[in-house]
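Written out below as structure tokens is the structure these notes cover.
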Amino acid sequence: MSLKGKKILLGITGGIAAYKCASLIRLLVKQGAEVKVIMTTSALDFITPLTLATLSKNPVLHDFYDKGTGEWTNHVSLGLWADLMIIAPLSANTLSKMANGQSDNLLLTTYLSARCPVMVAPAMDLDMYKHPSVRTNLDRLEEYQVIVLEAGTGDLASGLSGKGRMLEPEEILEAALNHFDNPQTLEGRTFLITAGPTQEAIDPVRYISNHSSGKMGIALADTAAALGAKVTLILGPSSLSPTHPGIEVVAVTSAKEMYDAAALRHPIADVIIFAAAVADYTPVTTSSEKLKKSGSEMNIPLKKNIDIAETLGKSKGEGQFHIGFALETENEEANAKEKLERKNFDLVVLNSLRDEGAGFRHDTNKVTLIKRGGSPIQTEVMSKTDVAKRILNEIPRSKA
Ligand code: CTP
């Protein structure tokens, strides 16, 4: 696992450990992350923006607006841009402000408006770190789902020795890598996933279908359930089945059955993943008797099936997050973006059949993730389970 394509916002507050941020940025960038830095005023006393801007290859942000041009720094879009915000070192002062919703600098307004996970690495003197008010503030951040990287033990700037040292850059990097490798817990979330092909009956012995194995949707169901989600998998005909015992599997055959099963459960789900390869057309009539052969040609009139994702996309409620797939062979990104809009997806997972090791029947997949308003992120070829983890990482931490 690397940080390729990940956007990391590093918030630096005033503390001697701020000098270690130069190494931290270097490590993050080396892992493929794009890094932007926000500094508080007191952080400027410990390390220069020039050093950090050079290492991160981005201007360092500090003020609400540029005093020369009047240009405003949009903290809301910064918070939306990031996949992870790391605040290191976190001073007792900024900790207290974060715990109480104060917003008197760019770092704090960005923290308050960030929708991405936030990780903090506190650093302070040992007695400050032990103080009940600091402990209460750290507990409160944890209640707000902030990931707290507890300080380490060692020599402190005060000359004393004890617990209060900021974790080393390597340890913070490891926590970031682990975070993306093991997505957040999905405890309390309800997933509805369609997977596999559908079969559209021509007569009692023949049908129209496709080569979908259901592997990707099943991997998503197993991974989400392993992370604590309550999962219903609406599965078209497949020789495979999920392994997690907690998954409710609803076996269906046709697109119509898949739609009915999904529509029934859609209102109570908060993450809906349309991974099924639904047959686009179905025979106008299904013969109740086996069709006999006659003549040298045969035509079967077809009618369009209901588009499950598009139909349910129209009734997407507040707090529901819809993920769709797009299998494309040309103009991949443009077609995927068009589907994102038309089907009201929040995220579209683009599969290109041109990529080796991707798509139907493979154990591996290589995808491009296209989020509403975000730039596309391409993954390496990875196992479908790793792709599933990667996709689940894109789900907002709190309900959308
Ligand atoms: N989908 C669906 N119901 C359908 C067709 C598609 O729910 N009847 C969902 C798929 O599960 C997938 C997404 O819509 O998440 C895209 O499906 P795809 O077949 O790639 O796109 P289409 O809309 O069918 O467009 P086209 O075949 O023209 O590319």
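For ligands, and for the atoms within them, numbers begin at 1 and follow the listed sequence.
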Quick check on ligand 1: any N or O pairs to the protein under 3.5 Å? One line per pair.
unit_1	atom_1	unit_2	atom_2	d
ligand 1	3 (N)	Asp307	OD1	3.4
ligand 1	3 (N)	Ile308	N	3.0
ligand 1	7 (O)	Ala309	N	2.9
ligand 1	8 (N)	Ile306	O	3.0
ligand 1	11 (O)	Phe274	O	3.2
ligand 1	11 (O)	Ala276	O	2.7
ligand 1	14 (O)	Lys343	NZ	2.8
ligand 1	15 (O)	Phe274	O	2.6
ligand 1	15 (O)	Phe325	N	2.8
ligand 1	15 (O)	Phe325	O	3.3
ligand 1	20 (O)	Lys339	NZ	3.1
ligand 1	21 (O)	Lys339	NZ	3.0
ligand 1	23 (O)	Lys343	NZ	2.6
ligand 1	24 (O)	Asp280	OD1	3.1
ligand 1	27 (O)	Asp280	OD2	3.3
ligand 1	29 (O)	Lys339	NZ	2.9

Item to check | Partners meeting ring pair (Phe, Tyr, Trp, His ring centres under 6.0 Å) with His62 (sequence neighbours left out) | outcome: none
Next on the checklist: His244: which residues meet the side-chain contact (heavy atoms from CB on, under 4.5 Å) condition with it, sequence neighbours left out?
Outcome noted: Asp222, Ala225, Ala226, Ile247
Item to check | Partner residues of Arg26 under the side-chain contact (heavy atoms from CB on, under 4.5 Å) criterion, sequence neighbours left out | outcome: Leu55
Item to check | Check: Val35 main-chain N/O paired with Asn58 side-chain donor or acceptor under 3.5 Å | outcome: yes
Checklist entry - Do the rings of Phe274 and Phe345 sit parallel, tilted or perpendicular, given the 30° and 60° boundaries? => result tilted
Next on the checklist: Could you walk me through whether Glu150 and Tyr129 satisfy the side-chain hydrogen bond (donor to acceptor under 3.5 Å, both in side chains) test, starting with their C-alpha distance in whole Å, then the side-chain angles of each, then the deciding distance to 0.1 Å, before giving a yes or no?
Outcome noted: CA-CA 10 Å; Glu150 283 285 350; Tyr129 198 59; 2.2 Å; yes
